[in-house]
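Comments concern the structure below.
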Protein chains: 2
Amino acid sequence: MAASATLKATTEASLTLHQRIRADIENRILSGEWPPGHRIPFEHELMAQYGCARMTVNKVIAGLAAAGLIERRRRAGSFVAQPRIHSAVLQIPDIQVEIPARGETYGYELIHCRRRLANADDPLESALADGADVLDIRCRHFAGGRPLALEERLIGLSVVPEAADADFSTVPPGTWLLNHVPWTEAEHRISALNATARMAEGLSVAKGAACLCLERRTWRANATITYVRQIFRGDLYDLVARFSPQG
Amino acid sequence: MAASATLKATTEASLTLHQRIRADIENRILSGEWPPGHRIPFEHELMAQYGCARMTVNKVIAGLAAAGLIERRRRAGSFVAQPRIHSAVLQIPDIQVEIPARGETYGYELIHCRRRLANADDPLESALADGADVLDIRCRHFAGGRPLALEERLIGLSVVPEAADADFSTVPPGTWLLNHVPWTEAEHRISALNATARMAEGLSVAKGAACLCLERRTWRANATITYVRQIFRGDLYDLVARFSPQG
DNA sequence: CGAATCTTTATGTATATACATAATGTTAGC
DNA sequence: GCTAACATTATGTATATACATAAAGATTCG
């Protein structure tokens with residue numbers, strides 16, 4: 001076998017040693033060769049096997065642990081984790097970006113934009129503090145000329161005062177917020193509902209048609225920035241989520 | 001200021017230096033102090049600031065880059081990434097685990113389980129190779145005595161031959177697969193639809209009631225293991241997804 | 001036999017060092 | 001003024017080393 005000094009040079013397809021070790025271990029797990037619960041070789045064994053330093057395999061395995069493929073237990077070793085299909089990365093696109101990407105023309109219409117005080121009685125507004133100064137926005141999104149989604153949105157003006165001066169007659173509030181509000185945390189809720197008479201009219205569908213409802217609350221440092229409810233036509237839209245070990 | 005040697009000891013709440021640096025940078029980003037596009041201090045600056053080695057800050061920043069909070073450019077520096085709210089971690093629970101966790105009793109009923117050959121004409125089966133040997137399973141899930149979801153599932157027997165001998169009259173196929181098939185990759189599709197007459201009967205709802213449809217294709221090494229379609233009562237179920245920087 | 005103690009050991013964290021690499025900024029030359 | 005060559009520099013990868021820590025396993029003692 002080649003000495004460790006030449007190993008780097010003989011690496012296939014010019015991958016780094018780190019990437020090669022990671023891909024190797026990942027393959028063994030995903031192919032089923034190393035089933036859940038299997039104890040993977042100790043760091044010093046891998047180190048000998050790949051002819052490298054412990055720090056190198058340590059970083060690889062720590063990465064796999066962060067990705068959820070492996071669980072580590074001191075003194076005992078590192079084990080292939082139980083698969084947990086139930087966590088997947090969901091793509092929740094900015095509609096204005098997603099529709100053109102599909103090859104359809106995007107359209108937008110502002111229905112109203114009012115400044116007022118939040119009313120905690122309304123369950124929709126309970127996400128924001130009672131009496132908060134909010135912007136109440138209602139709008140529609142179109143794809144290929146047809147209505148795709150209705151949007152109801154509240155923006156907390158104490159957190160995002162600049163929003164009061166924004167012009168939402170041409171720019172959708174979601175797009176504006178993405179460009180004006182830095183990193184946040186968010187929670188989404190996805191459900192199905194039958195179109196009410198008002199929704200049906202706004203979406204050009206029959207009353208009772210199935211719609212996908214996406215609610216999102218976004219906050220920063222415990223202050224709610226925005227709460228949105230988007231109602232999508234069920235026949236025109238669906239969401240895709242993927243799970244793969246690279247995250 | 002305290003010398004680097006005493007820094008470790010004075011660490012607040014017994015966090016490691018790594019965690020302290022990470023939390024510090026994360027806070028600056030999430031609080032808006034460092035907006036998207038902002039160049040964070042160079043590694044040698046942070047190294048001086050925290051009185052530690054470059055390898056330490058390097059690992060922290062590499063972790064933040066892996067989490068998507070930071071983008072790194074050689075020679076130029078490290079920059080706060082543009083927020084991309086549209087990726088969030090979706091929890092897609094194993095129903096048998098989720099229902100008891102909600103405090104309701106879980107129920108399960110097998111409707112049928114047949115071995116046959118896949119038919120590529122059926123769009124539902126196009127995910128599996130034509131003519132493949134499959135197990136065709138249909139079942140129902142109950143929560144608190146009420147029907148919650150209908151499930152249609154195909155399992156590829158060439159990939160999971162053991163499934164042919166499994167007893168799905170008491171164990172839901174999803175649960176069985178989770179326990180018998182090691183790590184896989186998966187794609188999910190979420191949509192809303194109106195209950196057909198058959199769905200309505202199976203779910204004890206009115207025909208046309210909105211339902212959440214979750215389709216999942218699971219594979220390993222390019223071979224499809226299973227394809228499922230679960231139809232949930234829209235009034236009883238919804239999905240939750242979260243985005244937060246720790247992943 | 002059972003509980004408490006000690007030893008062993010694999011992982012966890014941190015450091016100092018070395019060289020590779022890619023992209024920026026500068027300079028030289030036409 | 002434009003391009004090509006060069007130097008600079010921040011990140012990228014890898015190593016050898018050191019000590020901390022948690023937990024499994026062996027041992028001791030009541």
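Model, not experiment: these values are computed from the prediction. What's counted below: heavy atoms across the whole structure, side chains too, no hydrogens, waters or symmetry copies. In what follows, every chain begins at residue 1, and chains take the letters A, B, ... in the order their sequences are listed.
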State which residues pass side chain to side chain contact (heavy atoms under 4.5 Å, CB included) with [X]; sequence neighbours excluded, sorted by chain then number.
X: B:Arg75; value: none
X: B:Glu187; value: A:Val240, A:Arg242, B:Arg189, B:Trp219
X: A:Arg74; value: none
X: A:Asp167; value: A:Ser169, A:Thr170

Subject >> B:Arg140 to B:Tyr108 six-membered ring, cation-pi geometry met (6.0 Å, 45°) >> reply: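 B:Arg140 over B:Tyr108 ring: no.
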
Original post:
Who pairs with A:Phe142 by ring-ring contact (aromatic ring centres under 6.0 Å, His included), at least two apart in sequence or on another chain?
Top reply: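 Per chain and number, A:Phe142 pairs via ring-ring contact (aromatic ring centres under 6.0 Å, His included) with no residue.
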
**OP:** Taking ring-ring contact (aromatic ring centres under 6.0 Å, His included) as the test, write out the residues that go with B:Phe42, two or more places apart.
**Re:**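 Testing B:Phe42 for ring-ring contact (aromatic ring centres under 6.0 Å, His included), a comparison that skips the adjacent residues, returns B:His44.
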
Subject >> Contact list for DNA chain D against residues 40-47 of chain B - heavy-atom distance below 4.0 Å >> reply: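 The answer is B:Phe42, B:Glu43, B:His44.
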
Subject >> Partners passing salt bridge (charged side-chain N to carboxylate O under 4.0 Å, His left out) against B:Arg220 (at least two apart in sequence or in another chain) >> reply: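 Checked B:Arg220 against salt bridge (charged side-chain N to carboxylate O under 4.0 Å, His left out); zero matches.
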
Subject >> By salt bridge (charged side-chain N to carboxylate O under 4.0 Å, His left out) - contacts of A:Glu151 (at least two apart) >> reply: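 Expected list: A:Arg153.
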
**OP:** Could you tell me whether the side chain of B:Thr218 and the main chain of B:Ala186 form a donor-acceptor pair under 3.5 Å?
**Re:**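 No, because the side chain of B:Thr218 does not come within donor-acceptor range (under 3.5 Å) of the backbone of B:Ala186.
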
Please tabulate, for side-chain N and O atoms in residues 171-179 of chain A, each donor-acceptor pair with protein atoms closer than 3.5 Å (sequence neighbours left out).
| from | atom 1 | to | atom 2 | distance (Å) |
| --- | --- | --- | --- | --- |
| A:Thr175 | OG1 | A:Asp94 | OD1 | 3.3 |
| A:Thr175 | OG1 | A:Asp94 | OD2 | 3.3 |
| A:Thr175 | OG1 | A:Gln96 | OE1 | 2.8 |
| A:Trp176 | NE1 | A:His180 | ND1 | 3.4 |
| A:Asn179 | ND2 | A:Thr175 | O | 3.3 |

Original post:
Where along residues 69-78 of chain A does a heavy atom come under 4.0 Å from DNA chain C, residue by residue in number order?
Top reply: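 Those residues whose heavy atoms fall under 4.0 Å from DNA chain C, taken from residues 69-78 of chain A in numerical order, are A:Arg72, A:Arg74, A:Arg75, A:Gly77, A:Ser78.
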
**OP:** Please work out which residues in residues 53-63 of chain B have a non-hydrogen atom less than 4.0 Å from an atom of DNA chain C and list them by number.
**Re:**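 Going residue by residue through residues 53-63 of chain B, the ones with a heavy atom under 4.0 Å of DNA chain C turn out to be B:Ala53, B:Arg54, B:Met55, B:Thr56.
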
Between [N] atom [atom2] and [X] atom [atom1], what is the distance in whole Å?
X: A:Arg39; N: D:dA24; atom1: CZ; atom2: P; result: 14 Å
X: B:Tyr50; N: C:dT13; atom1: OH; atom2: P; result: 17 Å
X: B:Arg22; N: C:dA14; atom1: CZ; atom2: C1'; result: 18 Å
X: B:Leu17; N: D:dA20; atom1: CG; atom2: P; result: 16 Å
X: B:Gln19; N: D:dT21; atom1: CD; atom2: P; result: 13 Å
X: A:Phe79; N: C:dA10; atom1: CZ; atom2: C1'; result: 10 Å

